[in-house]
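Okay, so here's the structure we're looking at.
Just so it is clear: chains get the letters A, B, ... in the order the sequence lines come, proteins before strands, and each one is counted from 1.
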There are 2 protein chains.
Amino acid sequence: MLKSGLSAVYGGLKSNVTSVVYQRKAIVEDQDSCIIHHFSHYCVLTKEEKALLDELEENPTEVKAGEALWEENDAAEDFCTLRSGWAYSYRYLENGSRQILEIFLPGDIIGLREFAFSRRLAGVRMIEDGVICCFPHHRIMALFRQSLTLTAVMFAIASRQQVLMTERLVNIARRSARKKMAHFLLEMHQRLRQTGTGSGCNLRLPLSQELLADLLGLSSVHVSRTFTTLSREGLVHRDRYDVVIPNLEALVGEAEFDDRYLVDNLRPLFRAE
Amino acid sequence: MLKSGLSAVYGGLKSNVTSVVYQRKAIVEDQDSCIIHHFSHYCVLTKEEKALLDELEENPTEVKAGEALWEENDAAEDFCTLRSGWAYSYRYLENGSRQILEIFLPGDIIGLREFAFSRRLAGVRMIEDGVICCFPHHRIMALFRQSLTLTAVMFAIASRQQVLMTERLVNIARRSARKKMAHFLLEMHQRLRQTGTGSGCNLRLPLSQELLADLLGLSSVHVSRTFTTLSREGLVHRDRYDVVIPNLEALVGEAEFDDRYLVDNLRPLFRAE
DNA sequence: CGTTGTATTGAACGGCCTCAAGGTTGGTGG
DNA sequence: CCACCAACCTTGAGGCCGTTCAATACAACG
């Protein structure tokens with residue numbers, strides 16, 4: 001019944017599990033932090049602000065594909081930045097079905113959902129091997145205290161996450177299977193371009209069809225069928241995890257895709273106010 | 001094609017419309033602000049903090065049922081607190097269908113979604129006559145600057161809104177029509193109890209079946225059918241806008257309703273950190 | 001008393017699901 | 001190097017849940 005390859009705990013009943021993230025050996029890396037890159041997208045940062053953000057990433061740990069950062073109902077004690085690799089959040093229902101809520105890409109912050117809660121409302125797992133950096137709740141409070149700009153950007157990031165979820169809601173609730181898939185592919189295409197990972201008309205999408213199904217509210221069987229249909233019509237070509245969109249405009253039209261929710265029409269400058 | 005009784009602008013093309021909210025006569029009220037009540041739910045507030053919150057409500061205006069606070073794609077210039085009346089946010093799709101995203105109750109803050117955006121991503125309309133208070137973007141920044149506690153609570157409120165939307169997503173994506181409706185009724189029941197409006201096992205739910213359909217991703221025909229089914233089984237009785245839940249536990253079981261996402265397992269004290 | 005928005009009920013259709021069987025791919029160990 | 005296995009994907013057949021269309025009833029309000 002459980003779809004994940006690991007010891008997924010249905011309903012989150014495994015209560016006294018501390019976050020696995022602290023049980024791993026710390027590793028050291030010195031690349032340019034991609035969380036700074038992420039924040040810089042909203043606002044020009046001072047040296048001090050960059051230093052504050054760097055503090056969030058003091059504690060990098062490696063995580064393997066499929067590994068859980070936490071399960072539903074675990075104690076919610078800290079947040080994570082995702083330094084490399086993809087992750088997703090999910091919820092299991094009583095009937096055993098799973099809904100995937102969000103896909104996290106490098107630079108994203110994980111766990112903001114539970115800012116006001118003491119227990120996790122959704123689990124999070126890695127899609128591929130990666131590196132995360134955990135920081136406790138009070139670090140965010142310190143950040144609020146020390147930088148108005150970072151406070152605003154943090155709020156902006158939370159707002160953007162909500163907007164992504166809103167669009168997923170609309171997608172799931174109101175579109176046909178082929179539109180759902182077309183729309184999702186375009187969303188990922190755009191997001192990957194924004195993080196600098198994306199190239200032209202092709203993208204690497206390391207998601208199984210089962211995961212896609214759980215994300216889009218479909219069955220994996222129907223995901224497969226829809227892919228073959230889209231492929232037959234020349235809208236999307238897929239080979240394992242490599243996706244090619246030969247005609248972007250055609251797919252945009254097919255999905256009725258409007259990227260305004262992604263382009264961050266961001267308000268000019270927090271700092272001026 | 002347009003379902004709303006007013007001049008809903010499909011696709012939000014009415015570009016140069018300033019928010020109607022400023023075109024109405026200001027009225028004066030002196031009741032205890034329900035936004036303070038809302039914030040107090042998360043944290044004990046000092047006099048100064050209450051004063052700051054009061055400033056957000058300097059500008060109360062009356063709005064009539066059905067009236068739009070803004071349309072999709074309008075300029076996003078300010079936020080609103082909802083002082084009385086219900087409101088909802090929505091999106092129209094190209095095929096003319098509408099998805100309702102959230103139901104706002106008195107004390108809620110409207111417009112946080114667009115914190116990082118310069119244009120509205122969703123429209124907002126009143127369900128009943130009410131009073132709103134608009135305040136510009138820089139007021140939130142001032143609040144961030146002046147009170148760490150209020151900053152944290154504002155973040156908590158945004159986080160809670162996201163959690164509500166998450167649950168709606170799961171509800172729409174993964175449950176049968178009868179579970180969707182049962183679940184939604186229980187959610188509203190709980191929320192109304194939290195705002196102090198709710199009594200025992202009955203609630204006033206001023207939502208047409210068409211609105212419910214657009215909220216739950218169903219057709220209004222099927223909402224009607226499902227209501228009659230639930231009623232025949234004695235799970236829910238409905239007379240116009242009055243809903244009675246004769247056996248709460250039975251309905252909870254039917255919906256597999258878990259209220260953890262609503263009870264704000266809130267982290268003890270922001271202030272201490 | 002007509003009008004307009006809202007709710008009910010029936011009949012027929014269809015998109016997506018479930019079940020099931022087979023095919024493909026990549027990794028592992030003999 | 002090949003055999004085997006596990007995970008993943010594909011394809012078919014049949015069925016169900018919810019939709020659409022349409023007709024009727026009901027309520028509030030001028």
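Smallest separation of non-hydrogen atoms from B:Ala65 and B:Asp129: N-OD1, 2.7 Å. The minimum heavy-atom distance between B:Pro246 and B:Gly234, with the atom names listed, is CG-O, 3.2 Å.
Whole-Å rounding puts the B:Leu205 CG to C:dT6 C1' distance at 15 Å. Between A:Leu207 atom CG and D:dC9 atom C1' there is a gap of 15 Å when expressed in whole angstrom units. When rounded to the nearest whole Å, the span between CZ of A:Arg178 and C1' of C:dG15 equals 13 Å. D:dT10 atom P lies 10 Å from atom CZ of A:Arg240, rounded to whole Å. In this structure, the CG atom of B:Leu230 is 12 Å from the P atom of C:dT8, given to the nearest Å. Counting to the nearest Å, the P atom of D:dA7 and the CG atom of A:Leu211 are 16 Å from each other. The interatomic distance linking A:Asp239 (CG) with C:dT24 (C1') rounds to 12 Å, in whole Å. Atom CG in B:Asp242 sits about 13 Å away from atom P in C:dA7, given to the nearest Å.
Taking side-chain N and O atoms only, B:Arg175 has no distance below 4.0 Å to OP1 or OP2 of D:dC17. Phosphate contact (OP1/OP2 of C:dG5, side-chain N/O of B:Gln209, threshold under 4.0 Å): absent. Applying the 4.0 Å criterion to OP1 and OP2 of D:dT19, one finds that A:Arg174 has every side-chain N and O outside that range.
Listed nucleotides C:dT18, D:dC21, C:dA7 differ in distance to B:Ser224; the shortest reach to its side chain belongs to C:dA7. Side chain of A:Val221, nearest nucleotide from D:dT19, C:dT9, C:dA20: C:dA20. Checked against C:dA7, C:dT18, C:dT9, the side chain of A:Ser219 finds its nearest nucleotide in C:dT18. Picking from C:dT25, D:dA13, C:dT9 the nucleotide with the shortest atom distance to the side chain of A:Arg225 gives D:dA13. Among the nucleotides D:dT10, C:dT25, D:dA28, the one closest to any side-chain atom of A:Arg238 is D:dT10. With D:dG12, C:dG10, D:dG18 as the candidates, the nucleotide lying closest to the side chain of B:Leu218 is D:dG18.
Here B:Glu62 does not pair with B:Arg83 in a salt bridge; the nearest charged N to carboxylate O distance is not below 4.0 Å.
Of the two residues near DNA chain C, B:Ser208 and A:Lys180, the one whose nearest nucleotide lies more 5' is B:Ser208.
A distance of 5.5 Å separates CG of A:Leu105 from CG of A:Leu192, quoted to the nearest 0.5 Å.
Residue contacts shown for B:Ser220 are absent, as no nucleic acid heavy atom lies under 4.0 Å away.
For the residue pair B:Asn95 / A:Arg174, no side-chain donor-acceptor distance below 3.5 Å is found, with atom types taken as modelled.
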